[in-house]
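Residue numbering restarts at 1 for every chain, and letters A, B, ... go by the order of the sequence lines. Nothing here was measured: the structure is a model prediction, and the numbers come from that model.
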Number of protein chains: 2
Amino acid sequence: MTTVLVVDDEPQIVRALRINLSARGYDVLTAYDGKTALRVAVDEKPDVVVLDLGLPDIDGVEVIAGLRGWTSMPIIVLSARTESVLKVEALDAGADDYVTKPFGMDELLARLRAAVRRATTQTVEDPIVTTATFTVDLAVKKVHRDGAEVHLTPTEWGLLEILARNPGRLVSQKQLLQDVWGPTHVGESQYLRVYLAQLRRKLEADPSRPRHLITEAGMGYRLEL
Amino acid sequence: MTTVLVVDDEPQIVRALRINLSARGYDVLTAYDGKTALRVAVDEKPDVVVLDLGLPDIDGVEVIAGLRGWTSMPIIVLSARTESVLKVEALDAGADDYVTKPFGMDELLARLRAAVRRATTQTVEDPIVTTATFTVDLAVKKVHRDGAEVHLTPTEWGLLEILARNPGRLVSQKQLLQDVWGPTHVGESQYLRVYLAQLRRKLEADPSRPRHLITEAGMGYRLEL
DNA sequence: GGCTTCCTTTACGCGTTCTTGATGCCGTGC
DNA sequence: GCACGGCATCAAGAACGCGTAAAGGAAGCC
């Protein structure tokens, strides 16, 4: 059975979700603030979290960070229409999907099913990402170029791993900084420039004209295959 | 069968809509004031609401707020030409579209169909939005036109993303400004003109006669598919 | 202790992007 | 017909973000 943790401070929303989810065979846990949510998540290990961003005690984004510190369980964010900046932050922080309040129950259920499906099938994924110039083996944490292994420092690997786990996708500076250097270093985009330059020097055929480690000015970076 | 709730205090308009909608196979509910409308909406859960802004008892915008508190059903606003401030407020409050009185029945029916279609297909959530001229991939943050990738600046992408996440739907200037430039820049509609012009130059076949990035004077913008 | 490796930090040049003001157009209302 | 508000377009300076190099410093290893 699938267990869902619902985190929201509005009782009527929690009630509505509990009724609908129970009726569809989910186990439902609830929490009305961030601290409780984090504790329940640790104790009960739900399969998926539905999280309202506007909590009374902790910022919703921090709750996501707190969860992402030890788990990759899917997180679906609920947010009001006007908080779109927050939504971006939430996704950067590691949320899987978001639903704008007010939401249709059908939509939420569909996204819930999709999130659970993704989480359960993800393990099968191919752990080797290949480009025309180099290959990244995510399972063994090794990079090869022209048959030879390329030595990367821990930080270099951390960056490349995130990009390789999102092949073709634009990854925001914030997410990269947060995942590699931690939440306190968000804003130090200079780090990214230095390390991307190093990665290019090691991996690109022509580092000054990168074909795979692409910069999207003002937004982030992308691993183009 | 699709159920439509018609809210208007002018009997002849209600009658005309009832006849036309019934003839096309819709179930029609009616209300002549805001309180009744809210009660009927709760009891009958229509699939879409057609709402006149000038009601005898409650302000139309408050009716929208009352609905949006618990449902995301589409709301199409009817309003007289002179109430343009109200119309913008209505969109910001969560209306999906508007039709100016006096209106053609064909136009209303078309918008009704579009609203219902959006509401029912929304759950599938295709991350790629396609028009006749270009495609927007929301997952990887890329735009293609005639097979080639089009480079967008962060601000251009921010605008296009919001429009693409509300395909076919009118997005108010206020919402665009708030989401892209932040709450302090609401009112700087000049930014919108400059950047919409840039987007059109990059994406429209004939930028001076846009087919997809549509201006709704005084209201906002719409991405027409 | 001395060495290497890696991380952090500063500085600078350069291209891109944003902002801002000016101008002309079009539709609406008077 | 005219004034007005909202819109489209253009242009130019300012501000910003990026890449690169290089030096100082911390941590680990022999």
To the nearest Å, how far apart are [X] [atom1] and [N] [atom2]?
X        : N      : atom1 : atom2 : result
A:Leu159 : C:dC6  : CG    : P     : 15 Å
B:Leu176 : D:dC7  : CG    : C1'   : 15 Å
B:Glu156 : C:dT19 : CD    : P     : 12 Å
B:Leu199 : D:dT9  : CG    : C1'   : 15 Å
B:Arg201 : D:dT9  : CZ    : P     : 8 Å
B:His151 : D:dG17 : NE2   : P     : 14 Å
B:Leu177 : D:dC7  : CG    : P     : 11 Å
A:Trp157 : C:dC6  : CH2   : P     : 15 Å

So for atom [atom1], which belongs to [X], do other residues, nucleotides or ligands contribute more than 12 heavy atoms lying within a distance under 6.0 Å?
X        : atom1 : value
A:Arg211 : CZ    : no
B:Lys202 : NZ    : yes
B:Lys142 : NZ    : yes

Checklist line | Worked verdict on B:Asp96 versus B:Arg111 for salt bridge (charged side-chain N to carboxylate O under 4.0 Å, His left out) | finding: CA-CA 10 Å; B:Asp96 288 72; B:Arg111 292 194 192 271; over 6 Å; no

Note to self: If you take the centroid of each ring, where Trp contributes its six-membered ring, are B:Trp181 and B:Tyr195 closer together than 6.0 Å?
What the structure shows: yes

Next item on the list: Flag the pair B:Trp70 / A:Phe103 as yes when their ring centroid distance falls below 6.0 Å, and as no otherwise.
Entry: no

Checklist line | Strand-adjacent residues in residues 213-225 of chain B, judged by heavy atoms under 4.0 Å from DNA chain C | finding: none

Checklist line | Strand-adjacent residues in residues 181-195 of chain B, judged by heavy atoms under 4.0 Å from DNA chain C | finding: B:Trp181, B:Gln190, B:Tyr191, B:Val194, B:Tyr195

Margin query: Heavy atoms only, 4.0 Å cut-off, all strands: where does B:Gln198 land among base, sugar-phosphate and nothing?
Written below: nothing

Check: Would you say the side-chain atoms of B:Asp57 pair up with the backbone N or O of B:Lys35, donor to acceptor, closer than 3.5 Å?
Finding: yes

Item checked: Backbone N/O of B:Val140 and side chain of A:Arg222: donor-acceptor pair under 3.5 Å -> yes

Item checked: Worked check of side-chain hydrogen bond (donor to acceptor under 3.5 Å, both in side chains) between B:Arg15 and B:Gln12 -> CA-CA 5 Å; B:Arg15 188 160 9 97; B:Gln12 65 271 31; 5.4 Å; no

Note to self: Rounded at 0.5 Å granularity, tell me how far OH in B:Tyr26 sits from CG in B:Leu109.
What the structure shows: 6.5 Å

Notebook entry, point to check: With the sugar-phosphate defined as primed atoms, P, OP1 and OP2, and the base as all remaining atoms, what B/S/- string results for nucleotides 23-30 of chain D, 5' to 3', for protein heavy atoms under 4.0 Å?
Noted result: --------

Next item on the list: Report yes if a side-chain nitrogen or oxygen of A:Gln173 is closer than 4.0 Å to either non-bridging phosphate oxygen (OP1 or OP2) of D:dC18; otherwise report no.
Entry: yes

Checklist line | Verdict with reasoning, B:Lys101 to B:Asp8, per salt bridge (charged side-chain N to carboxylate O under 4.0 Å, His left out) | finding: CA-CA 12 Å; B:Lys101 283 185 184 179; B:Asp8 201 317; 3.1 Å; yes

